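Structure record follows, encoded as structure tokens.
Heads up: numbering here begins at 1 and tracks the sequence. None of these values were measured; they are calculated from a predicted model.
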Amino acid sequence: MIIDYVGVKEINGSLIVMDGVKGVSNEEIVEIKLENGTVRQGRVVQIEGERIVVQVFEGTRRISLKNTRTRLTGHPMEMPLSPELLGRVLDGAGRPKDGLGDIFPVKKANINGTPINPVSRVYPKNYINTGISTIDTLMTLIRGQKLPIFSGSGMTHNDLAVQIVRQAKISGADSSNFGVVFAAMGVQKDVAEYFRRSFEESGVLSRVVMLLNLSNDPIIERTLTPRCALTIAEYLAFELDMHILVIMTDMTSYAEALREFSSSKGEIPGRKGYPGYLYSDLASLYERAGMIKGHPGSVTQIPILTMPNDDITHPIPDLTGYITEGQIVLDRVLQGQGFYPPVSVLPSLSRLMKDGIGEGYTRADHQALANQLFASYARVIDARALASVIGEEELSPIDKKYIEFGRLFENKFVNQGFTENRSIEQSLDLGWELLSTLPRAELDRVDDAVLDIYYKG
């Protein structure tokens, strides 16, 4: 029996409160019919006995307290899924916005996902080549990993995201079984257009699913965007056996929408006003990456977040770091010096890198080279600190060599053109070329057998 509930008890921001509602479930979708006949959607976000709180996707403007009719649908929000999603541009709630018509779904799936049995998970191995030397060599992205990019307001993370989408590839995979789900949250219209135009001009849009939530769209839609994106990714990966790279930007906009939503519900705030469940909410998104036994496909995540005031201890990057397997940190000083991408090498790492590189994956010398580059660049930072006190002319000859190595490393290895796509062999060879400017005795992280092959000093 279908029941329409007439009237609402209270309206607060994007929320409406209703009394006397029976048989309702949390996260259930409701249809709200206004006096003028228009229909809006909402979802149940709180239940207290027969009182429910409904979050209205399109906002509560023009909703009447007396004549609004609300109907329960009996199911949570579902995403229509089909292979034809590839190449399409959707809004933040997964509705087409490219003018190419509706999606004809093969199936629908709950956007909150289904829990994966931990025993069924496959340990992530093999790497994704981004064509960017710092990432591929020093913080390698592994298939099935979640590796966030920590950036700051006004930095070049949007360019980096576009470059990764354009250049990313997996060994053994081609355009038929490799795709990208790109979710943008709270972005300005010109940024959204930049993303779309970049993918079209580079010819990769056919293997990309774009979800665009603009800054003037309802915040409620912003909280749905990453879940819709990951539902699409799981369908493509685990039912169509594709390797899917999910890029979500900007997770800070998502967290701020969550904070606003939590405040409107009257929940007790946690650190810096964010809800106390921010950790578990972010975990429910990030843990949807991985591989499953019996399915050749994979879901790999690159969440991008802008750190407020460049503070890496802010709750959003802090909690993200606990959940994910490493981070790529962008440096504002490097960007100010004209370097692109401005990847700060020392605080960046990939915790799964050791299991997806080396013989059979990249090259046998990869791990030793990465260790030596990290160690040598750390010595560069120490030498620069000393030079700032006593002057570069007073440094020892070996410290001067490290200062010169640091200049070459940043100019040739870290600095890379926006359109430059380096293979893993080119990046590794470039690393050895730079290390060869140092005395062989300084390369103490590499075996002599490896040095005999690659050291050219």
- Kindly say whether L214 contributes a backbone atom to a donor-acceptor pair with the side chain of D217 at under 3.5 angstrom? yes
Report task. Determine yes or no for a side-chain-to-main-chain donor-acceptor pair under 3.5 angstrom, with S348 supplying the side chain and V329 the backbone. Result -> yes
Handout entry: Flag, side chain of S263 to backbone of R259, donor-acceptor distance under 3.5 Å
Key = no
Checking E420, Q426, E425 against R422 for side chain to side chain donor-acceptor pair (under 3.5 Å), the one that qualifies is E420
Whether Q416 side chain and G131 backbone form a donor-acceptor pair below 3.5 Å: yes
List the atom pairs, donor and acceptor, that lie under 3.5 Å between side-chain atoms in residues 180-201 and the rest of the protein, sequence neighbours left out.
unit_1 : atom_1 : unit_2 : atom_2 : d
Y194   : OH     : D159   : OD1    : 2.6
S198   : OG     : Y194   : O      : 2.7

Would you give me the side-chain donor-acceptor pairs under 3.5 Å for residues 356-363, sequence neighbours excluded?
unit_1 : atom_1 : unit_2 : atom_2 : d
T362   : OG1    : G358   : N      : 2.9
T362   : OG1    : H366   : ND1    : 2.9
R363   : NE     : D365   : OD1    : 2.8
R363   : NH1    : D429   : OD1    : 3.0
R363   : NH2    : D365   : OD2    : 3.1
R363   : NH2    : D429   : OD1    : 3.1

For S253, the side chain to side chain donor-acceptor pair (under 3.5 Å) test, sequence neighbours excluded, returns none
Here the gap from I111 atom CD1 to L230 atom CG, rounded to the nearest 0.5 Å, amounts to 10.0 Å
| task | Look at the side chain of S206 and the backbone N and O of G87, then say whether any donor-acceptor pair between them is shorter than 3.5 Å. | result | no
Does a side-chain N-to-carboxylate-O contact under 4.0 Å join E239 and K107?
yes
State whether the side chain of E28 and the backbone N or O of G74 hold a donor-acceptor pair below 3.5 Å, judged by distance alone.
yes
Using only atom types and a distance under 3.5 Å, with no angle test, would you say the side chain of K293 pairs donor to acceptor with the backbone of V119? yes
Is a side-chain N or O of N12 found less than 3.5 angstrom from the main chain of L15, in a donor-acceptor match? no
